[in-house]
There are 2 protein chains.
Amino acid sequence: MGRPRQFDEQDAVVRATELFWRRGYHATSVRDLGDELKLTPSSLYRTFTDKHTLFLRALDHYRATESAQAERLLAVDDRPVRDVLRDWMLWLVTCPPDGEPGRGCFVVNTATELGTADARISERTEAAFEVTRQALRSLLLKGRGQGELAADLDIDGAVELLFTTVLGLRVRERAGHGRAAMATAIDVAVRALG
Amino acid sequence: MGRPRQFDEQDAVVRATELFWRRGYHATSVRDLGDELKLTPSSLYRTFTDKHTLFLRALDHYRATESAQAERLLAVDDRPVRDVLRDWMLWLVTCPPDGEPGRGCFVVNTATELGTADARISERTEAAFEVTRQALRSLLLKGRGQGELAADLDIDGAVELLFTTVLGLRVRERAGHGRAAMATAIDVAVRALG
DNA sequence: CTAGTACGGGAACGATCGCTCCACAACTCG
DNA sequence: CGAGTTGTGGAGCGATCGTTCCCGTACTAG
């Protein structure tokens with residue numbers, strides 16, 4: 001009972017995610033959030049407890065949507081594994097296609113801004129990283145099983161290199177590096193699978 | 001003439017660099033800096049103009065010292081290029097060996113925290129990135145010239161992949177990833193040179 | 001209708017932000 | 001010595017930080 005909400009909580013989380021994503025945790029003030037989400041401080045705190053909790057919600061939302069899209073791209077079953085891998089990496093690097101400067105990856109930005117100091121945050125970034133590693137691993141296993149990749153391919157090693165490369169790519173997108181250079185890196189990485 | 005300084009300016013820059021490195025730009029307050037550098041606000045502002053300018057000084061100092069150490073490691077001339085490359089990458093990832101959580105790379109942390117919004121900062125991060133790419137390029141060229149690497153090695157491609165890998169490694173160090181996993185990624189990357 | 005409950009709007013809390021100002025101290029030069 | 005110059009210490013500026021509180025509002029239950 002009581003007075004009904006005048007805003008959509010999920011929509012507010014989406015907007016908060018975009019703001020935190022672009023500016024990072026410390027550079028985003030509660031008033032910035034209030035303006036963007038069209039929420040007064042009282043509604044914001046009543047709904048999301050505090051800034052830190054809202055940030056965790058934003059991280060979770062980002063992981064959920066990002067993972068969903070990634071799974072869709074990786075689930076393509078009728079194309080060569082190498083092509084699926086390349087397209088997925090290219091997509092990771094082109095996520096925000098419209099003008100404006102690259103936002104990089106919210107998880108990577110968060111991990112570098114806050115390091116390992118905050119446990120509740122770093123357990124989320126680590127979980128996100130682990131999802132990526134597992135997605136790479138199962139894709140490579142599929143490729144090896146289908147004979148597209150060498151039978152003696154070092155899966156663990158390949159996963160580590162590809163995962164590390166992905167992190168590097170997302171830093172470069174945030175830094176505004178050209179798509180061509182990153183596409184080159186992706187090509188070489190994929191070709192390194194043998 | 002006038003009253004002499006009671007502190008060493010260079011030493012203050014070193015301390016400021018460490019603080020900005022660990023905490024990032026926005027999370028480091030002028031009072032934090034004052035405490036760490038043992039400077040009153042008036043001395044700090046008289047000497048370094050403002051927080052932003054001090055941050056640029058810190059970035060420049062980091063680049064200078066970091067580049068100097070990297071050049072020393074890359075200048076080793078009596079060892080196989082692949083070993084030099086591997087050792088350099090391992091060193092990049094182990095820079096702060098003593099306890100405490102990894103600080104990652106100050107340049108990478110800055111690039112992801114501030115993106116491309118601030119021109120004076122991003123021109124410095126880009127310059128630092130370019131130095132790394134050039135160092136990789138000349139090392140690979142040397143290796144190819146000495147016959148250690150294949151004559152038809154795609155230098156541009158290899159540089160892009162290695163550079164991207166290095167950025168990813170520094171993110172991972174900041175995120176507290178284990179040295180073993182990163183060493184694996186490095187091994188595979190070096191082996192991918194053929 | 002009334003009582004109870006959750007939300008919206010916004011003033012305002014104490015703390016901290018980046019930064020300035022000024023009286024005083026410590027030096028060089030004539 | 002005194003005049004000139006620069007650094008030091010620290011109070012304190014206005015602005016903004018994250019957060020709370022209060023009151024009027026919009027709803028449900030009885």
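Chain identifiers are assigned alphabetically (A, B, ...) following the order of the sequence lines, protein sequences preceding nucleic acid strands; residue numbering begins at 1 within each chain.
Between Ser43(A) and dC7(C), a side-chain N or O to OP1/OP2 separation shorter than 4.0 Å is absent.
As a whole-Å value, the separation of Arg31(B) CZ from dT16(C) P is 9 Å. Nucleotide dC19(C) holds its P atom 11 Å from the CG atom of Leu33(B), rounded to whole Å. Here the P atom of nucleotide dC17(C) and the CZ atom of Arg23(B) are 10 Å apart, to the nearest Å. Here the P atom of nucleotide dC17(D) and the CG atom of Leu44(A) are 14 Å apart, to the nearest Å. Across the protein-nucleic acid pair, His26(A) atom NE2 and dC17(D) atom C1' stand 13 Å apart, rounded to whole Å. Going from atom CG of Leu39(B) over to atom P of dG18(C) covers 15 Å, rounded to whole Å. Between the C1' atom of dA15(C) and the CG atom of Asp32(B) lies a distance of 14 Å, rounded to the nearest Å. Atom OH of Tyr45(B) is separated from atom P of dT6(D) by 22 Å (rounded to the nearest Å).
Aromatic pair His26(B)/Tyr25(A): centroids not less than 6.0 angstrom apart. Centroid-to-centroid, the aromatic rings of Phe55(A) and Phe106(A) come within less than 6.0 Å.
Residue contacts for Phe7(B): at a heavy-atom cut-off of 4.0 Å it reaches the sugar-phosphate backbone alone, with no base atom in range. At the heavy-atom level, Pro41(A) lies under 4.0 Å from base atoms of the strands shown. Backbone-only engagement by Ser29(A) is indicated by non-hydrogen atom pairs under 4.0 Å involving sugar-phosphate atoms exclusively. Here Thr28(A) lies in heavy-atom contact (under 4.0 Å) with sugar-phosphate atoms only. Within 4.0 Å of Arg46(A), counting heavy atoms only, lies at least one base atom of the nucleic acid.
When distances are taken from the side chain of Thr40(B) to each of dA11(D), dG8(C), dT8(D), the shortest belongs to dT8(D). Comparing dC27(C), dG7(D), dC19(C) by their closest approach to the side chain of Asp50(B) singles out dC19(C). Nearest nucleotide to the side chain of Val30(A), out of dG10(D), dG8(C), dG18(D): dG18(D).
For the pair Arg57(B) and Asp60(B), the salt-bridge criterion is not met [side-chain N within less than 4.0 Å of a carboxylate O]. A salt bridge links Glu66(B) with Arg170(B): at least one charged nitrogen is closer than 4.0 Å to a carboxylate oxygen.
Looking at which nucleotide of DNA chain C each of Thr49(B) and Gly2(B) is closest to, the 5′-most match is held by Thr49(B).
Between the side chain of Arg3(A) and the base of dG8(C) there is no donor-acceptor pair of N/O atoms closer than 3.5 Å. Side chain Ser42(B) to base dG9(D): a donor-acceptor pair is found below 3.5 Å.
Results of the side chain to side chain contact (heavy atoms under 4.5 Å, CB included) test with Val84(B) over Met89(B), Lys142(B), Arg79(B) single out Arg79(B) as the only residue that passes.
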